[in-house]
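Encoded as structure tokens, the structure appears first; notes follow it.
Just so it is clear: chains get the letters A, B, ... in the order the sequence lines come, proteins before strands, and each one is counted from 1. Given the structure is predicted, the values throughout are model-derived calculations rather than measurements.
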Number of protein chains: 2
Amino acid sequence: MRNVTTASTPTRNRGNRRAEILEAAARLFAARGFHGVSIEDIGSAVGVSGPALYRHFTGKEALLAEMLLDISSRLRASAAAVVTASADPHETLDALLDTQITFAIEQPALISVHDRELGNVPEPARRQIRRLQRLYVEEWVTVLAELHPSCPPARLRATTHAIFGLLNSTPHSANELPAQDMRPLLHAMARAAIDAAVNER
Amino acid sequence: MRNVTTASTPTRNRGNRRAEILEAAARLFAARGFHGVSIEDIGSAVGVSGPALYRHFTGKEALLAEMLLDISSRLRASAAAVVTASADPHETLDALLDTQITFAIEQPALISVHDRELGNVPEPARRQIRRLQRLYVEEWVTVLAELHPSCPPARLRATTHAIFGLLNSTPHSANELPAQDMRPLLHAMARAAIDAAVNER
DNA sequence: CGATAACGTTAATGATGGCTAACATCCGTG
DNA sequence: CACGGATGTTAGCCATCATTAACGTTATCG
């Protein structure tokens, strides 16, 4: 009867609540913006009311910070995994595209918040998020550079940002197309756009 | 000496102030979001302080509404002009790309606000802005449909949104590349992405 | 000159919202 | 059973903010 074994529900549903709150907050932030959403709004979205959130987060800004940190580190981690998994740059690029597309289709709210609300994150965390975002971009740029060594890095960086813009358009085209069709469409458009970017003189 | 002729400065610099305020507000809204900017912030950005804005706009929401209405009607108008000017769909598409690229490069703040803050516009104006945005998209879809009649409209719409995402990435890649290089890069990427989108089976 | 309209200013008001305090409840554990 | 920690609740505090009020100051024009 050691505590470890009996702990079928260690602290009941601690992590669940946090995740639930983060998810609801992401949806609300995406729709109305960080300052357009009140603590009370977030609370009632998960069935508790207002100040209950302070049992899980130290404040509204901390909540946002954790949200953005989670997204950017997940993106960066999956990119790093993909890059080390394959030696062929073509395959790697396809895998990078696939993970970003999956993310954009499955988590449109997080995508929106991720590139709108960085300015509202307080300073200690902001730097770290920026760092992860930069590393993520550099992961792409490195792969592109392997494919086209003659292309200047600045151009590759601009290309990468443009591709992110293309892929992250999913929050806008919301339900125009089922994910099943959207996925290959975005992949084909992105591949073609990249080829055009690096092959132009 | 009729008032018309003497009116070299009819109401002094009335329109200037309004435009100045709209421009400053756009910059601030783009950076911190509608609710993250106070009336006082906007005022001091143009050298007046706070409630002076009520001499020019009936309120904060009205200011935003006018801003978005201005953008969306300008985009829609320039698209309509381009479409009627040329008979060749290829030329038309190139012209549409050019105007959107110009806009994205010269007015990044307006672009940001345009697709983030619609939700904060009060109802009478919101519908009208949505209408203009829809018309703008349809202008693109019509041209694309002429080029590729076999492609289903929903796919063309999704393609158009993805292209907007690509072109409107300029606020993110800010100063990576000079406009002189950015412009043809975006054009080439967009053309290639469109071709890929409509040619896939 | 003197009215008046355009354009600003500062003070007050009323709402909202983030956050803290004080006070339950529930549950696993000694 | 009694304790304590995790988790909620409501009421209150204080700051911020949009908006209005009341009050100048010009400058154009009759």
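- Ring planes of Trp140(A) and Phe164(A): perpendicular class, angle over 60° (limits at 30 and 60°).
- Residue pairs meeting the side chain to side chain donor-acceptor pair (under 3.5 Å) criterion with at least one partner in residues 117-131 of chain A, sequence neighbours excluded, are His35(A)-Asn120(A), Glu117(A)-Asn120(A).
- Whole-Å rounding puts the Ile21(B) CD1 to dC7(C) P distance at 10 Å.
- Whole-Å rounding puts the Ile42(B) CD1 to dT19(D) C1' distance at 14 Å.
- Without hydrogens or angle criteria, Asn199(A) side chain to Asp195(A) main chain gives a donor-acceptor distance under 3.5 Å.
- Within a 6.0 Å radius of CG in Asn175(A), other residues, nucleotides and ligands contribute 12 heavy atoms or fewer.
- Judged by the 6.0 Å distance and 45° axis criteria, Arg74(A) is not positioned over the aromatic ring of Phe103(A).
- When rounded to the nearest whole Å, the span between CG of Leu64(B) and P of dA18(D) equals 13 Å.
- Between His56(A) and dA6(D) there is no side-chain N or O to OP1 or OP2 distance below 4.0 Å.
- Applying the salt bridge (charged side-chain N to carboxylate O under 4.0 Å, His left out) rule to Arg116(A) yields no partners; only residues at least two apart in sequence or on another chain are considered.
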* Could you run down nucleotides 12-25 of chain C 5' to 3' and tag each one B, S or - for protein heavy-atom contact under 4.0 Å? -> -----SSBB-B---
